[in-house]
Each structure stands twice: as C-alpha cells, then as structure tokens.
Amino acid sequence: MSGFFGFDTSLPERGAQNQGKPQQQQGFSGFQVPGTNDAFALGGAGEEEDLAVYTWGESTGGGLLEGGDEMNDETFGDDLGGITNNFQFSSQPAPQPSKGYGQSTATGKIASTQSRYKPKAAYDPFAFSEDDFYSSRPSKKSTTTKAPARPKPSTAQSGSVENLWNKPAVSSPAWGTAPSAMTRPTPPSSASLPSQGPPAPGHIKSLEEIEAEMAQMAMPSTSSAAPTQQKVFSLEEIERQMMEQTVEPPRQATPQQPLPPREATPTQVPGLAASGYSSQQALLDSMFPELGKGVPASGLGQGTPSFVSDQTGSHEPPRPSPEELARMEELHQRITAKIESMAKYNNLMGSSDKDFITRIQLSQLATADPYVSDFYAQVFSALKRSRMISEGQGENPTVVQVGAGLGLGVGGPVGNRFGKMGQNTMTKLSTQVKKLVENRAQHQKVANTAALQGALGRVTRGNAAAPRPVLAIPTSNKPENRPTSHLNEQTGIHRAALTKKQIMFALEELYDAILELEQMRRDAPPPTAMEEIELWHNRCQAKVDIIWRRLMVMEPLDISNPHPFISLINPIKGQKLFPRLLRHLPQNQTITLLSLLVATYTQLDVVARAPPPPVADSSLLTKADRLDRAKREAETDNFLQFVIPGVDMIVNRCGLGLVAGMLAISAQRSEVWRVAATRPGIALYTALLSKAQSVIRTPIPDPMNPQQSQPVDPAELDQWTKTFTYFLHVLLPHLPDLFPSSLAQKAAFGPGAYLLGGENPLAEREGLEMEKREAEVWGFVAVLAVNAQEEDQTALVGALREKILHTVQAARHPSTTKERAEMKLRNVNMFLNGLGLDASMIE
Amino acid sequence: MDEAANSGISEPLDLVKLSLGERVFIKLRGDRTITGILHAYDAHMNVVLSQVEETIHLVDVTEDGNPLPPRVERRNVEMLFVRGDGVILVRN
C-alpha cells in the first residue's frame with residue numbers, strides 16, 4: 001500500500017500500464033496472491049486481459065501446489081514437509097522475519113521493541129510486555145501445523161501489536177486517504193521503485209500520486225468478481241497485504257525477469273510480516289483453537305506469496321486435476337467462511353486480551369512495598385477494614401498481600417474493589433500477582449533506567465517494560481559523612497543560623513528517615529527468629545542514630561541563634577515531627593533533648609515571636625498584620641498540640657533532680673517572666689512544677705508500682721527548693737503581667753482600650769477564648785502556690801491581689817454573661833483553692 | 001554554606017518537596033492565584049492543598065466592549081486538588 005506512493009514518480013511507463021490491473025490482482029493477495037501471480041505469469045495474456053486474473057481454481061491450485069512447495073526449501077532454508085502444510089491456516093508468515101530483523105531494522109523500516117528483549121524459552125503467562133507475552137506463548141501451532149519452517153519459533157512469533165502501532169510508514173497514509181481500506185482490497189505496491197522504499201510517515205504526496213490514488217479508489221467498483229471476497233478481509237489479511245507489499249516492490253516492478261539471487265533468500269524479507277500479524281494470530285488461536293487444527297488452510301501460501309510467484313514466474317506450472325480443483329474450491333470456501341465468522345470478532349477483545357490488559361494494570365499497582373508506595377491508601381483501607389469488622393462484616397483480606405513484603409499498592413475491601421470476584425478468584429489473582437511482581441522485579445534489575453540528567457531535571461523515558469515512575473525521587477545511598485551532620489560548613493564556636501532552605505531540607509531528610517524507621521518497625525521479624533530479631537534491632541538502632549545525628553541536638557548550646565535543633569522545630573512541619581521522633585528515641589536522649597529545649601526555649605519562634613495580645617477591633621490591623629498574627633497563632637497552637645505533650649511525657653519520666661536542674665537552666669539562661677508570658681512557656685513551667693510537686697507529695701510508696709516508690713532524695717529536695725525559690729522570686733514582680741487580659745489591656749491604646757472588655761456582644765466569643773487562656777495562667781500560678789513555702793505563698797497572694805479582686809468583681813458584674821462569670825470564678829478558685837481559700841470569701 | 005542542602009536537590013521538584021506542609025502561593029492560568037498548605041504534588045504539578053484561598057482577577061466588559069476596571073474575587077476552599085496543567089508557578 002505504501003509502496004503505491006512511489007508509483008508514478010518512479011516508474012511512469014509501467015504505471016500507465018499497471019494502473020488498472022495490479023490493483024485488482026493485489027486486491028486478493030490476502031489469500032490468492034500466488035494464484036493471481038501465477039495466472040499473470042502463466043498466461044502471459046493476463047497482462048492484457050483482466051479476466052485471466054480471475055481464473056481462481058486453476059491458478060490457486062497451481063500456485064499452491066507447485067510453486068509454494070518447490071521453493072519452500074530455498075525460501076525457508078528448511079524442509080517444508082508435505083503439501084498440505086501450505087494450507088495450514090494458522091501457520092504464519094513468521095518464519096522469514098526471524099532472520100530478517102537485522103536487515104529490516106537496518107533499513108529503518110521497522111520500529112520493533114523485540115530486539116531489546118531476549119527471546120523467552122518458555123511460556124510465561126506473566127510476561128512483562130506484550131512482546132514477552134506473545135513471544136512466550138506455547139507453540140500450539142508448532143504441534144498442530146507440523147510446519148518446521150521456523151528457524152527460531154520464539155523470536156518469530158514475538159512480534160507485537162506495538163509493532164503495528166510503530167509503523168505508521170506502512171499504514172497511516174493509506175488509512176488516512178482511503179477510508180474504505182478495511183473492506184476494499186488494498187492497492188498494489190507493484191510500481192514502487194526498488195531503490196525507493198516506502199514513503200516516510202510524513203510523506204507528502206505529489207500530484208501524480210494523488211491522481212493515481214484517486215484512480216485506484218475508483219477501480220474496485222469496476223471489479224465485478226471480487227465483492228464477496230472483498231468483504232471477508234479481516235484486519236490480519238490487510239495487514240499481511242501491507243507487509244507483502246513492502247516486500248514485493250522490487251519484484252513486482254520486474255515480474256518477468258528472473259530475480260536477483262539475493263532476493264530469493266529469506267533473509268531479505270523484512271521482519272515486518274510477522275510483527276503485527278503473529279500477535280493477532282496468537283490471539284486468534286487463543287480464541288478459536290479449532291481454527292488452527294480444523295482448516296489446513298493456505299497459511300504459508302498466504303504468507304509467502306511473493307516467493308511463490310517469483311519462483312514460478314519463469315516456470316510452467318502443471319495443471320491440477322479437476323478433483324483437486326474441486327477440493328481447492330471447497331477448501332477455499334471453508335476458509336472464507338471461517339474468516340467471515342472470525343471477522344465479526346474484529347475489534348473485540350478476546351479473553352487473552354483482557355488478561356493482558358489486566359496484567360498491565362496490575363503490574364502498575366504491583367509494588368515490592370505496599371506500605372511505602374501507598375501509605376495513605378493502606379492506612380485508609382486498614383481503618384475501613386476495622387470499621388467493617390466492627391460492623392460485623394467478617395474479616396476478609398483486603399490488602400492484596402503477595403508473599404513477604406510484596407503486594408499491590410492499593411488495598412481495599414474485596415467486595416467493593418474487585419466486584420463480584422469471589423474468594424477463589426482473589427487467591428488466584430494473588431498468585432498471579434506474585435509471579436508478576438517477581439517478574440517485574442527481575443525486569444527492573446535488568447532494565448537500566450535511561451535517565452538523562454539535564455538542567456530541567458531528569459527525563460525518564462518510559463515504555464511498556466519500564467513505565468515512567470510518576471514521581472522519580474532519587475534515593476541516594478551515599479553514606480552520611482557530614483561533620484556532626486551540621487548543614488553549615490562553617491566551623492567555629494558561633495555560626496550563622498540555618499537558612500530556611502537548609503531547615504526545610506533537613507526536615508525532609510528527617511521525615512524520610514522517620515518513615516523508613518517506622519516502616520522498619522512494622523516489618524518486625526517473627527518473635528521466634530532470634531538472629532533476625534537481633535539484626536533487625538541493630539538496623540533500627542542504626543537508623544535511630546542517624547536520626548539523632550540529624551536532629552543536631554548535640555551541637556554546642558551557643559553554636560547559633562537559634563540553635564539548629566530549635567530551627568528544626570520552629571516550622572509547623574518540624575513540630576509535627578516531634579512526637580513521632582520521641583517515640584523512637586531512648587530515654588536518655590529524650591532527656592538530653594528536653595534539656596536543650598528548655599535551655600534554648602527563648603529561641604523558639606513561639607516564644608520569641610509570641611502572638612501579640614489580641615486587639616479589640618481587628619479592623620484596625622492591616623492585612624499583612626492579620627496574616628502574620630494568624631500564622632503566629634497557628635504556630636503556637638501547633639506547638640501546644642504537638643510538642644508540649646511530648647515535653648509533658650519526658651518531664652513525667654524525670655526525677656526531681658532533673659526537674660530542678662531544668663528549672664535552674666531555664667532560670668539561668670532566660671528571663672523567666674518573658675518565657676512565662678507566652679503560652680508555651682506557661683505550659684512548660686506548669687509541667688515542670690506539677691511534676692516536682694507530684695514527686696514530693698508521694699512519700700507513700702505505691703506497692704503496685706515499685707519503680708515509682710523511690711523516696712525523694714533529701715539533697716534533690718533541697719536543690720529543688722532552692723531553685724524554685726529563686727525562680728519564684730524572679731517571677732514574682734511580673735506575675736500580674738503574665739495574664740493575657742492584662743497584656744491586652746496594656747497593649748491596647750486609643751479607642752481599643754475602651755472597647756476591650758466592653759459590652760460588645762460580638763466580643764463574647766473572643767472573651768471566652770480569653771478566659772481559656774487566662775485559665776492556663778491561673779493554673780500555673782496555682783502550681784506556684786502549691787510549691788511555694790508559706791511565706792512565699794503570702795507574697796504570691798500579695799502580688800496577685802489586685803488581679804484576684806478584679807476578676808472576682810468582673811465575674812459578679814451584671815453585664816458579664818453567666819458563662820463567662822463562671823469561668824472567671826473557676827479560674828480564680830483554681831489558684832485560691834490551692835491555698836485553702838475560695839473566691840466566695842472575698843467581699 | 002548551602003552545599004549540604006544543595007547536594008540533595010537535583011531537580012526542580014526537590015524544591016517543591018521542601019515546601020510540603022507549608023503554605024505556598026500558586027499562580028494558575030486564567031488569572032487565578034491560590035495560596036494554601038501544600039499536602040501533595042506529583043510530576044505533573046498536580047497538587048493537593050488545604051485551607052485554600054483562591055483569588056480570581058476579572059475584567060468585565062461592557063456591552064459596547066469597554067473594559068471595566070479589574071476586580072478581584074476571592075473564595076475559600078477547605079481542601080483542593082489542583083490539576084497540574086494549570087499551574088504556572090509555585091512559590092513558598
């Protein structure tokens with residue numbers, strides 16, 4: 001077909017002669033080419049007379065019986081066996097290509113992926129690509145057809161649909177211009193010049209070509225004998241024609257002359273012939289197995305018509321007997337019927353097709369590590385599963401787990417995800433997927449990921465065998481050899497603080513490490529395997545060490561401001577990491593971490609840049625201001641939500657000595673009233689003080705818990721008392737200023753000062769929020785009171801006297817809503833009750 | 001000074017990775033911008049954002065074809081999937 005476009009330009013004198021005829025000849029080349037060519041050569045008159053072309057019986061028989069057999073040895077370089085083999089329907093034109101590949105690719109006609117893969121020896125239902133799949137199909141044909149004419153059966157059959165898609169040079173121009181190509185015999189390529197190959201895909205037709213094409217399109221309607229046959233052309237037939245035509249041009253151009261010897265060698269035939277056809281043939285075989293056996297059809301005759309015609313062109317073929325002709329006719333009808341019956345399945349997917357698609361899809365999901373590659377889906381399905389179980393829906397395996405550590409990336413409830421497939425199917429699928437995953441893993445080892453490093457990142461070339469990963473994050477396995485893992489390359493006692501980029505990078509590294517560690521913990525070996533557990537522990541420990549180094553806790557305290565570790569927990573991302581980190585760190589490390597945190601508490605964003613006290617009217621703020629406030633509030637909230645619980649946990653593990661030490665560090669290194677004026681500061685001190693109190697107040701050993709029953713060391717107690725007294729005295733003058741309401745009052749100016757605390761109903765919600773924050777501070781002073789000696793308690797009450805009175809009065813004020821009044825009283829009582837007093841005692 | 005951080009950054013998307021969990025500003029085709037907290041992204045720059053504020057810049061045209069002064073429309077979305085083909089730039 002494609003050769004057609006070379007027609008006029010290359011051989012004008014022949015073109016004029018051939019324009020009408022060869023199209024009709026070629027039209028039947030699907031299974032009649034040998035015959036037509038025979039007739040053509042035999043009669044000689046055929047050149048002038050169209051009718052001669054249609055002497056089907058004679059020519060078919062002659063061609064098939066004589067020509068095909070005679071030259072088969074030469075053609076295939078092997079003994080072809082009996083005559084009947086020529087009619088083997090299911091045998092393919094495949095034999096040639098196996099040798100032809102080298103040449104055909106050399107000429108650049110064919111884009112085949114086949115050469116990339118080694119031929120597979122055995123049938124592999126879990127073939128990775130379609131190539132593999134069909135190449136490894138069991139050679140059912142080889143047993144049924146007895147045609148030994150396959151030098152390398154596996155490679156010969158391994159053409160793929162891909163090939164079809166990859167050769168627009170052959171198909172696309174014709175499909176595009178001749179819409180009826182499916183039902184119409186394809187035009188001949190006879191006139192194509194030997195020197196000129198098929199046109200390139202982007203070939204632009206010349207005027208003559210278009211003319212010729214139009215003339216040719218008009219032709220089929222004139223051919224009267226053809227219609228019945230024309231209809232039955234299936235896709236394969238047409239494909240085959242196309243293939244033949246790409247082969248034939250040199251010969252068609254000089255049909256009467258003896259061929260150059262090299263033309264007759266099978267190696268000359270491009271592998272094109274098999275590429276598309278064989279896969280379809282395999283598919284057909286799978287759909288209609290009886291076809292291959294039942295019809296001893298003219299597969300070879302079809303597949304290699306050109307050889308037949310070429311070789312017999314100069315001979316006088318013997319005439320077949322009438323019986324033979326009748327037999328041939330019958331045979332032919334059967335073939336026609338068969339093809340017709342098959343044709344109605346054109347464009348439909350066979351079961352093997354569906355299988356193959358399923359396999360492709362599954363192979364995309366298959367992963368060596370379902371948790372890592374689709375963590376959220378796994379967690380989601382786990383949640384869903386637990387819900388289903390609690391609803392009593394039974395326990396079905398929902399994650400398609402394949403062996404140890406293999407599985408589908410996405411799990412889900414069986415019933416929903418896989419429709420009506422039963423449990424049996426599911427297990428079958430599992431085994432299939434297992435093989436698939438193994439196959440894939442093997443493939444990935446072999447296939448090198450061709451990645452071109454460029455300025456714009458990496459360009460990965462995807463193909464069916466190695467689909468492009470959606471997100472190619474390079475996993476470098478470089479050993480960590482950073483000097484104490486500091487990101488800054490500076491040396492010296494003082495360094496610049498980490499830049500934002502460095503912080504974010506370090507955090508991502510930490511997240512990666514944490515995820516790996518968590519995955520590692522999930523993959524715990526069974527408790528029986530002692531050595532494995534040992535190994536596993538070591539690996540986990542190594543990972544924890546890496547994390548610990550990356551946290552940079554052990555950097556000197558004054559190395560930078562903020563300290564690298566503080567830099568890490570300043571962003572919300574880092575704060576969220578904190579509780580996950582603590583879970584893995586051993587206790588001594590967590591305590592070191594807490595010491596550092598307490599010592600550098602002032603460097604925390606949430607302390608150093610604590611959200612300013614609220615203003616009465618937010619309309620006074622600019623937009624940037626509002627955003628900034630919102631951001632700081634969010635950071636503070638997150639800090640209280642993620643970091644403080646961890647801090648509480650660590651503090652709870654500390655003894656009195658440690659708590660005293662931490663308080664001392666804090667008191668030494670920071671202005672405690674500044675820290676205490678922030679919510680995180682209040683939370684930290686409250687945790688420390690209440691822990692100390694609970695240690696001091698439990699002299700009675702708990703018989704159930706001997707761990708807790710150590711008596712308080714008098715030295716520690718003494719140290720604690722001293723530290724606390726110092727702490728309290730530093731804090732005392734600033735005590736009233738710790739309350740958010742006081743701070744707000746102080747910060748307010750202008751009309752805001754009057755609005756604040758006024759009777760604005762809209763402010764009620766903010767007021768309640770304010771009370772909640774006040775409660776935190778009241779709780780803190782209550783702990784102070786509990787810890788304080790008696791004389792200090794008096795001082796405490798003295799310092800807070802005004803605040804207490806003010807609050808109680810505000811609670812009793814008629815304009816205060818009941819809810820808020822209750823909160824206020826509760827807050828005050830929190831403190832007063834610790835001293836054995838109550839708000840009701842206040843006049 | 002940035003060497004250690006830069007050594008782990010080999011392609012543009014690595015920078016986007018650093019913004020995971022942070023509020024990002026994304027400029028979109030069709031005169032839209034959005035800010036939101038970045039939760040996920042892929043090679044196509046499909047992104048998932050939360051707490052999104054979308055800003056659309058509009059120029060209305062009168063019947064006789066005269067443009068009115070540009071106006072801005074805003075809307076907030078709790079959680080948003082943005083298809084990557086509309087993304088022009090991502091800024092931290």
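Keep in mind that what you see is a predicted model, and the values were worked out from it rather than measured. Throughout, a chain's letter reflects where its sequence line sits, starting with A, and its residues are numbered from 1.
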* To do: For residues A:Pro571 and B:Glu22, report the shortest heavy-atom separation together with the two atoms involved.
  => CB-OE2, 4.0 Å
Out of curiosity, [X] [atom1] to [Y] [atom2], how far, rounded to the nearest 0.5 Å?
X: A:Leu627; Y: B:Glu53; atom1: CG; atom2: CD; value: 8.0 Å
X: A:Leu507; Y: B:Leu18; atom1: CG; atom2: CG; value: 9.5 Å
X: A:Lys501; Y: B:Leu15; atom1: NZ; atom2: CG; value: 6.0 Å

* Please state whether the side chain, the backbone, both or neither of A:Lys500 comes within less than 4.5 Å of a heavy atom of chain B. => side chain
All N/O donor-acceptor pairs, side-chain side in residues 630-641 of chain A, below 3.5 Å, sequence neighbours left out:
{"residue": "A:Arg632", "atom": "NE", "partner": "A:Arg609", "partner atom": "O", "Å": "3.0"}
{"residue": "A:Arg632", "atom": "NH1", "partner": "A:Asp628", "partner atom": "OD2", "Å": "2.8"}
{"residue": "A:Arg632", "atom": "NH2", "partner": "A:Ala610", "partner atom": "O", "Å": "3.3"}
{"residue": "A:Glu633", "atom": "OE1", "partner": "A:Arg773", "partner atom": "NH2", "Å": "3.2"}
{"residue": "A:Thr636", "atom": "OG1", "partner": "A:Arg632", "partner atom": "O", "Å": "2.9"}
{"residue": "A:Asp637", "atom": "OD1", "partner": "A:Arg679", "partner atom": "NH1", "Å": "3.2"}
{"residue": "A:Asn638", "atom": "ND2", "partner": "A:Ala634", "partner atom": "O", "Å": "3.0"}

* Structure fact -> Against chain A, residues from residues 74-92 of chain B with at least one heavy atom under 4.5 Å, in numeric order, are B:Arg74, B:Asn92
